[in-house]
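Just below is one structure, and these are the notes that go with it.
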Amino acid sequence: MIPELGHLALVLAIATSILLVVLPLVGASRGNYQLMATARPLAAAQFWLLTVSFGCLVLAFLQNDFSVQLVAEHSNTRLPWYYQITATWGNHEGSLLLWVLTLAGWTWAVALFSQSLPRELVARVLGVMGVISLCFLLFTQMTSNPFTRILPVFPYEGNDLNPLLQDFGMIVHPPMLYMGYVGFAVVFAFVVAALLGGRLDSAWARWSRPWTTSAWCFLTLGIALGSWWAYYELGWGGWWFWDPVENASFMPWLLGTALMHSLAATEKRSVFKAWTILLAIATFSLSILGTFLVRSGVLTSVHSFATDPTRGLFLLAIMALLTGSALLLLLLRASTIRSEGRFAPVSRESGLLVNNVLLVGACGVVFVGTLFPLVVDVLNLGKLSVGPPYFNALFAPLTLALMAALGVGPLLRWKTDDLYRLRVPLIISGIISVTLGFGLTYFLLTPFYWLVALSLSLVFWIVCTELEDIRGRIHNKHHRWQALLNLPRHYKGMVLGHLGLAVTVTGIAMVSFYDIAEDVRLAEDRSAVVAGHEFRMVELYDYQGPNFTATRAVVEVYRDGRQITVMRPEKRFYVARQMPMTQVALSPGLVRDLYLALGEPLDDGSWAVRVQYKPFVRWIWLGALIMSIGGFLAISDPRYRLARRRRTATVTGEQHVAKT
Amino acid sequence: MTPVRRRRLFMVMSLVLASGTAVALTTYALRQNINLFFAPTQVIAGEAPFDRVIRVGGLVVPGSISRDQETLQVSFDIADNSGVIRVSYSGILPDLFREGQGIVARGTLGPDHHIQAQEVLARHDEEYMPPEVAEALKRTSMTHDSY
């Protein structure tokens with residue numbers, strides 16, 4: 001009964017989304033305010049219907065209703081309840097339902113927080129989001145119905161969730177990632193709505209900025225969580241593999257970052273308008289492309305659950321439809337788009353341009369490396385894969401160039417500036433950062449790598465120039481600490497975002513060049529020394545988990561003769577799927593992680609164990625966290641809500657007039 | 001030429017130059033890092049190059065895994081339906097590596113069709129068969145069930 005209720009809610013949501021497409025858009029084109037006013041309640045209705053639908057699916061998982069095919073294939077009575085919940089989106093159909101639910105959530109959020117915007121615009125934005133929603137709801141209903149039953153004969157026990165997905169990281173990674181992916185639909189909708197309405201002033205840029213930033217924050221968190229999960233769950237200790245699926249989420253992030261910056265220029269100075277529109281369309285297209293790559297089964301990895309060509313075609317059709325019509329619209333309106341602002345070669349605008357060129361270039365690199373094997377395969381020219389060295393060779397210089405530019409950009413003034421004005425702080429920052437970067441690498445790290453020295457110099461370069469920028473803003477104030485606290489939030493957010501990048505790059509440089517990995521043999525009472533730490537296995541025993549059996553080793557870690565920690569790596573065997581799993585043991589720290597993974601039992605009863613020493617690896621995710629905190633801080637800036645307060649004031653004024 | 005035109009020409013020229021360099025660099029990096037896939041039969045037929053990293057895939061032949069007792073050196077045979085080649089690897093094999101399982105190894109080809117692998121991949125799912133391996137098996141015209 002509950003799955004049918006869920007399905008009914010899904011079908012009703014489709015009906016609602018059809019209304020959401022038709023009524024507000026027709027209303028907006030005819031200037032009919034009553035029709036336009038339907039957008040908000042319809043958006044809310046769609047969101048609640050999908051919440052009910054998703055809730056029903058979760059309930060089916062919790063009740064072990066194995067007559068539902070999805071539950072039978074992805075759950076198990078012995079699975080702990082929290083993993084039964086996450087199993088809901090640990091598969092193709094369920095994760096798609098989460099996708100549309102997230103989209104409906106964003107739509108509803110736009111409906112709630114758009115009180116101050118013109119009614120035509122709101123109607124159009126919500127209508128366009130309705131179009132996207134309708135496409136994906138139809139996709140869900142026609143190719144991937146999560147509520148399909150196996151009747152009359154259904155299994156008594158489920159197939160269990162893939163053990164790799166039975167993990168905390170998996171509880172939060174997909175929803176975060178989807179919040180990011182789907183969030184770019186909002187700025188896409190704003191762009192299309194502005195193109196439809198023909199009003200391409202910089203107002204739409206101001207309105208879509210907080211939405212873009214929040215989607216970007218969620219995507220940042222989602223990618224970082226995915227990387228963290230891969231690090232401790234896959235058992236190899238890698239944090240990024242240039243796997244096509246990772247790339248699929250990284251491409252919208254790169255373009256989204258470019259978009260955030262060009263939106264700033266478009267809002268403040270009315271420049272790069274067409275470019276910003278193009279970026280917004282491209283970012284969302286890449287989000288759909290990501291969904292296509294992951295969901296169509298053209299790629300095989302942990303993430304792809306099924307190979308079904310019709311699904312792939314359907315998704316490609318959706319992408320072609322949405323992107324194509326948006327681009328066509330842009331073409332039709334191209335003559336009306338005027339970038340009014342003029343700027344000199346040395347100016348904040350130029351800085352943002354450099355940022356955009358580099359980020360789009362980086363995205364292009366990832367795009368080519370990810371899609372090239374697919375194209376070759378489709379053309380029947382053979383099977384090949386593009387190795388990580390390709391990405392590293394091209395991505396590293398682009399990132400370093402971006403960091404070099406990042407040191408100068410924030411110091412520049414809008415419209416026109418003079419590098420001569422900045423010569424003293426830039427030269428001083430340069431000297432400090434090169435000295436620190438090369439000095440630290442030379443004296444503290446062995447062996448010496450040029451690339452590390454250069455990366456660390458650029459990290460200090462960013463830190464120095466950001467500090468200089470802050471100093472410039474508060475140095476002539478009386479109460480400097482007070483002035484520091486009083487800096488606007490969007491500014492603090494920007495600084496945090498940039499510092500976050502510096503932190504992440506520090507982590508990447510350190511762990512890429514100085515990690516130590518050794519495969520050793522360990523048996524009870526035998527020890528091995530890796531990276532100055534002695535690892536002594538003191539115990540090895542078997543135990544029984546809820547849905548698995550496991551062998552656990554107890555390893556004591558000594559440094560300079562003192563015991564610093566005890567680590568317990570495991571090898572698990574998941575019964576329902578007959579699948580072995582390495583459960584690594586971690587000793588996390590701010591400057592280093594110790595990482596132990598049990599490999600395989602060897603003939604004499606000892607184990608092959610991979611011991612890894614990972615310097616600064618946490619900084620990679622810490623930086624991402626700082627970046628997204630910066631982003632959220634920026635959105636919380638009151639200037640985005642100023643317009644709304646003003647409007648409330650006028651409304652109460654009107655009421656006051658009405659009463660008297 | 002007016003100054004405006006000259007500036008425009010300069011802009012266009014530098015744009016062409018920049019994108020040209022970018023394309024050249026990308027193509028170069030791509031050429032250096034493409035790992036072509038070969039089935040055991042193709043390796044035996046001498047189709048695979050010696051001087052660069054390739055990927056090979058097949059089913060692990062039961063009973064062929066031999067392990068060094070002192071180090072973590074391991075070697076095993078992989079086969080499609082008409083050819084067998086030997087793969088050596090030093091390190092820990094992935095969780096799902098086992099006899100009869102389809103795997104993909106990335107490494108370099110030595111004499112006697114011997115692959116020195118840098119990486120061995122057995123994917124994460126019990127039923128998963130690397131698509132290249134599945135196709136190689138299909139091409140050598142017998143079904144997977146014969147194992």
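Quantities reported herein were computed from a predicted structural model and do not represent experimental measurements. We name chains A, B, ... by the order of the sequence lines, and we start the count at 1 in each one.
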Check your understanding: Between B:T26 and A:Y390, is a side-chain contact (heavy atoms from CB on, under 4.5 Å) present by the stated rule, with each step listed?
Key -> CA-CA 8 Å; B:T26 312; A:Y390 159 80; 3.4 Å; yes

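- Across all non-hydrogen atoms, the minimal contact from B:L30 to A:V368 is CD2-CG1, 3.9 Å.
- Contact of A:V520 with chain B is made through the backbone alone, with heavy-atom distances under 4.5 Å.
- Between A:S385 atom OG and B:L121 atom CG the span is 9.0 Å, to the nearest 0.5 Å.
- Interface remark: A:F372 contributes side-chain atoms only to the contact with chain B (heavy atom separation under 4.5 Å).
- A:V357 does not touch chain B: none of its heavy atoms, backbone or side chain, sits under 4.5 Å away.
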